[in-house]
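Written below as structure tokens is the structure these notes are about.
Chain letters run A, B, ... following the sequence lines, proteins first, then strands; residues in each count from 1. A quick note: this is a predicted structure, and the numbers were derived from the prediction, not measured.
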Amino acid sequence: MAGPKRYYVTTPIYYVNDVPHIGHAYTTLACDVLARFKRLDGYDVKFLTGTDEHGQKVEKSAQDKGVDPQAFTDQVSQRFRDLLGTMNFTNDDFIRTTEERHKISVQALWDRLREKGEIYLDNYAGWYSVRDEAFYAESELTKKPDGSFVAPTGAPVEWVEEPSYFFRLSAWGEKLLKFYDENPDFILPKSRRNEVVSFVSGGLQDLSVSRTTFKWGVPVPGDDAHIMYVWLDALTNYITAVGFPDEDHGEFQTYWPADLHMVGKDILRFHAVYWPAFLMAAGVEPPKRVFAHGWWTNEGHKISKSLGNVIDPIELVEKYGLDAVRYFLLREVPFGNDGDFSHAAMVARMNGELANDLGNLAQRVLSMVNKNCDGAVPRHGDFTADDQEMLDAAHGIIHKVREHMDVQGFNHAIEDIWVVIRACNGYVDRQAPWKLKKEDPARMGTVLYVLAECIRHIALVLQPFMPGSMSKMLDLLEISTEHRTFDFIGYAHALEPGRALPAPQGVFPRFVEDEKGD
RNA sequence: GGCUGGGUAGCUCAGCUGGUUAGAGCGCGGCACUCAUAAUGCCGAGGUCGGCGGUUCAAGUCCGCCCCCAGCUACCA
């Protein structure tokens, strides 16, 4: 092994006050596929997810239910842990901001920033709406005839001042811009990077990093009247999970800086501006990449709680099947863009690509093998140019997929795999093994062998996307579980002629509409 | 308003630093095949490449202006 192959990927920690929805599943899915891919590719992977459990809203929700915040978060964070199993996610750790390890970590980071003079005490002043429990910028307010101001929500606001600690973010603008410049792929996609650069170029103000208006959070060391700002608290989870503040040993040495923080576009700024600034200020290396993905709409409509059209990932899985959903979410849309979830599109992908292209390919090939080759991997003769070309295409997929995965180009990776799947179907028709059966049985064996090898490679590279289904497909080829990493790509580990195979079973059934239609 | 990215076949989109008849998938039409999950393969249908003007021997591909769409324009997460 040349150099350490390690990969650290994170999801945001999800706010426990939310109910898990498709957005959460989507973010974590992308990370899961990357984590699985890297593991199969020989990397030592750490895949982290978790829950953000502090803040005023949580405190209030707990109060409303008459339970203490810790009991409340214990309960609601479970919903996020349940989703992991439903989606077949393979996180290596699950962090909660209410854990002791995290409190130690955040306070250590705070002390570090304080010692370096990056945090100072001052007053936070602004227009506050008691009704909305939020501060508003003056530009957001509307002036009423009587001279008072009103929030965008229509709520009255008042000018309030409270003591607060501030982080000297204003001092980090130039350094951030230099960092972005030296690390052009730090923020992906490119369009998001532009937005962030433009935002930072516009100048930064110091950031209020403590609150005194509620208690549910990590206390500021040495000043219990203050609770740490939720984002400083939340972002730190990424280093807590690798053992911070112990930077000299164990996981921190192995995994930090993280290779990728996967986030939704709504929280890009926190990850691409505040977080690297906090870290640089504390003398800790920033992560290598932040990728901001897009949002889903539902049948063309924006998703919102008030519209009641929130998509529940569990319902999707029950209706379409887990791997079909995993496939759809990463196939349908160029990763980074917004996408639309629709029943019609889902069924089109399921039937057109999974059932017809891939499922049927495996079924037609394996049925012929089962019926005409004594139910065993066929023996093959010399390969023709056509055979060779087909095999080369199958062997070569990994290179293209790897390139795409390294920039989170999931849909492109899948597209390139499908090019080979379609080529296989074309090869089957061209070679017509059902004719060779009568004319040249030995040649038929060679053709079916080539196809079985192609299916093996296709299944290998698709494992990260559809682990359950590809496991079945590899079972049909009698590939042992130890022979399913990318080390087994190529001739050296080709199928062994004569090995008995089980009777084929369909891996991707077609989706049939109910009589009623929905 | 400012900044950024877009407007290419019915739909979703590729088209790198300008150069032969503008591509893919889906959908549609026709043909072939019958191993397979009413699956597959082949062929085709001709889109003023948002509009106008310009640079060039040559422009979706560069420049200018205009129209339309989306995102960003700081401290709820």
> Quick one: A/Asn411 CG to B/rU12 C1', roughly how many Å, whole number?
Replying inline: 12 Å

> Atom CZ of A/Phe410 and atom P of B/rC13: how far apart are they, to the nearest Å?
Replying inline: 19 Å

> Quick one: is B/rA77 close enough that its OP1 or OP2 comes under 4.0 Å of any side-chain N or O from A/Trp231?
Replying inline: yes

> Using a cut-off of 4.0 Å on non-hydrogen atoms, how would the nucleic acid contact of A/Phe199 be classed: base, sugar-phosphate, or nothing?
Replying inline: base

> What nucleotide, of B/rG71, B/rG41, B/rC35, holds the atom closest to the side chain of A/Trp434?
Replying inline: B/rC35

> Is the distance from OP1 or OP2 of B/rU37 to the nearest side-chain N or O of A/Arg364 less than 4.0 Å?
Replying inline: no

>> With rounding to the nearest 0.5 angstrom, report the CD1 to CG distance, A/Ile239 to A/Leu279.
In response: 5.5 Å

> Paired with B/rU48 by Watson-Crick or G-U wobble geometry, both distances under 3.5 Å: which nucleotide is it?
Replying inline: none

> Rounded to whole angstrom units, what separation is found between the CG atom of A/Leu358 and the C1' atom of B/rA36?
Replying inline: 13 Å

> Tell me: CG of A/Asp429 to C1' of B/rA32, nearest whole Å?
Replying inline: 9 Å

>> Classify the ring geometry of A/Phe383 against A/His380: parallel below 30°, tilted from 30° to 60°, perpendicular beyond 60°.
In response: parallel

>> Partner lookup for B/rA24, please. Criteria are Watson-Crick or G-U wobble with both distances under 3.5 angstrom; report none if nothing qualifies.
In response: B/rU12

> Counting any heavy atom closer than 4.0 Å, what does A/Lys437 reach on the DNA or RNA strands: base, sugar-phosphate only, or nothing?
Replying inline: nothing

>> In whole Å, I'd like the distance from the CG atom of A/Leu451 to the P atom of B/rC35.
In response: 16 Å

> When rounded to the nearest Å, what value does the distance between P atoms of B/rU40 and B/rU48 take?
Replying inline: 31 Å

>> I want to confirm an ordering. Mapping A/Asn351 and A/Val428 to their closest nucleotides on RNA chain B, which one lands closer to the 5' end?
In response: A/Val428

> For A/Val507, which contact category applies under a 4.0 Å heavy-atom criterion: base, sugar-phosphate, or nothing?
Replying inline: base

> When you compare B/rG64 with B/rC3, how far apart are their P atoms, in angstrom units rounded to a whole number?
Replying inline: 13 Å

> Is A/Arg79 positioned over the aromatic face of A/Tyr14, cation under 6.0 angstrom from the ring centre and no more than 45 degrees off axis?
Replying inline: no

>> Using atom C1' in both nucleotides, what's the gap between B/rG15 and B/rA77 to the nearest angstrom?
In response: 40 Å

> Which part of the nucleic acid, if any, lies within reach of A/Glu332 when heavy atoms closer than 4.0 Å are counted: base, sugar-phosphate only, or nothing?
Replying inline: nothing

>> Starting the side chain at C-beta, find the nucleotide from B/rA39, B/rU4, B/rC75 nearest to A/Asn360.
In response: B/rA39

>> If you apply the rule salt bridge (Lys or Arg N to Asp or Glu O under 4.0 Å), what do you find for A/Asp406 with A/Arg402, and how did you get there?
In response: CA-CA 6 Å; A/Asp406 280 339; A/Arg402 195 180 273 136; over 6 Å; no

> Can you tell which of B/rA77, B/rA74, B/rG25 lies closest to the side chain of A/Arg422?
Replying inline: B/rG25

> Is the glycosidic torsion of B/rG10 within 90° of 0, making it syn, or is it anti?
Replying inline: anti

> Could you give the CG-to-P distance, from A/Leu330 to B/rU12, as a whole number of Å?
Replying inline: 21 Å

> What is the nucleic acid contact for A/Asp338, judged by heavy atoms within less than 4.0 Å: base, sugar-phosphate only, or nothing?
Replying inline: nothing

> What is the base-pairing partner of B/rA59, counting Watson-Crick and G-U wobble geometry with both distances under 3.5 Å?
Replying inline: none

> Between B/rG30 and B/rC67, how far is it from one C1' atom to the other, in whole Å?
Replying inline: 41 Å

>> Run A/Asp387 and A/Thr384 through side chain to side chain donor-acceptor pair (under 3.5 Å) and show every step you take.
In response: CA-CA 5 Å; A/Asp387 300 344; A/Thr384 65; 3.2 Å; yes

>> Could you check whether A/Lys302 pairs with A/Asp338 (Lys NZ or Arg NE/NH1/NH2 to Asp/Glu carboxylate O, under 4.0 Å)?
In response: no

> Taking any strand in view, what nucleotide pairs with B/rC31 in a Watson-Crick or G-U wobble way, both distances under 3.5 Å?
Replying inline: B/rG41

> So which nucleotide from B/rA77, B/rA36, B/rC72 ends up closest to the side chain of A/Arg269?
Replying inline: B/rC72

>> Quick check for you: among B/rA77, B/rC35, B/rA36, whose closest atom lies nearest to any side-chain atom of A/Tyr15?
In response: B/rA77

> Checking all strands, does A/Leu366 fall into the base, sugar-phosphate, or nothing category for heavy-atom contacts under 4.0 angstrom?
Replying inline: nothing

>> Over 60° means perpendicular and under 30° means parallel, so tell me whether A/His271 and A/Tyr238 are parallel, tilted or perpendicular.
In response: tilted

> Using atom C1' of each nucleotide, how far apart are B/rG46 and B/rU56 to the nearest Å?
Replying inline: 28 Å

> NA contact type, A/Ser191, heavy-atom cut-off 4.0 Å: base, sugar-phosphate, or nothing?
Replying inline: nothing

>> Considering every strand and a 4.0 Å limit on heavy-atom distances, what is the contact class for A/Gly203: base, sugar-phosphate, or nothing?
In response: base

> Between A/Phe278 and A/Trp275, what is the ring plane arrangement, given parallel below 30°, perpendicular above 60°, and tilted in between?
Replying inline: perpendicular

> P atom, B/rU12 versus B/rA36: distance in rounded Å?
Replying inline: 38 Å

>> Does B/rC35 have OP1 or OP2 under 4.0 Å away from a side-chain N or O of A/Asn372?
In response: no

>> Using the side-chain heavy atoms of A/Lys265, tell me which of these nucleotides is nearest: B/rG71, B/rU37, B/rC75.
In response: B/rG71

> B/rG25, B/rU40, B/rC35: which one has an atom nearest the side-chain heavy atoms of A/Asn425?
Replying inline: B/rU40

>> Please report the distance separating the P of B/rC28 from the corresponding atom of B/rU34, rounded so that it comes out in whole Å.
In response: 25 Å

> Where each residue is assigned the nucleotide of RNA chain B containing its nearest heavy atom, which of A/Gln363 and A/Val196 is assigned the position nearer the 5′ end?
Replying inline: A/Gln363

> Using atom P of each nucleotide, how far apart are B/rU21 and B/rA58 to the nearest Å?
Replying inline: 15 Å

>> Taking 4.0 Å as the cut-off, does a side-chain nitrogen or oxygen of A/Lys190 come that near to OP1 or OP2 on B/rU4?
In response: no

> Between B/rA74 atom P and A/Tyr274 atom OH, what is the distance in whole Å?
Replying inline: 9 Å

> Just checking A/Arg430: base, sugar-phosphate only, or nothing, at a heavy-atom cut-off of under 4.0 Å?
Replying inline: nothing

> A/Ala348 near the nucleic acid: base, sugar-phosphate alone, or nothing, with a heavy-atom cut-off under 4.0 Å?
Replying inline: nothing

>> Heavy atoms only, 4.0 Å cut-off, all strands: where does A/Gly426 land among base, sugar-phosphate and nothing?
In response: sugar-phosphate

>> Test: salt bridge (charged side-chain N to carboxylate O under 4.0 Å, His left out). Region: residues 184-193 of chain A. Which pairs qualify, not counting sequence neighbours?
In response: A/Arg192-A/Glu195

>> Just the rounded figure in Å: distance from P of B/rG25 to CD1 of A/Ile421.
In response: 14 Å

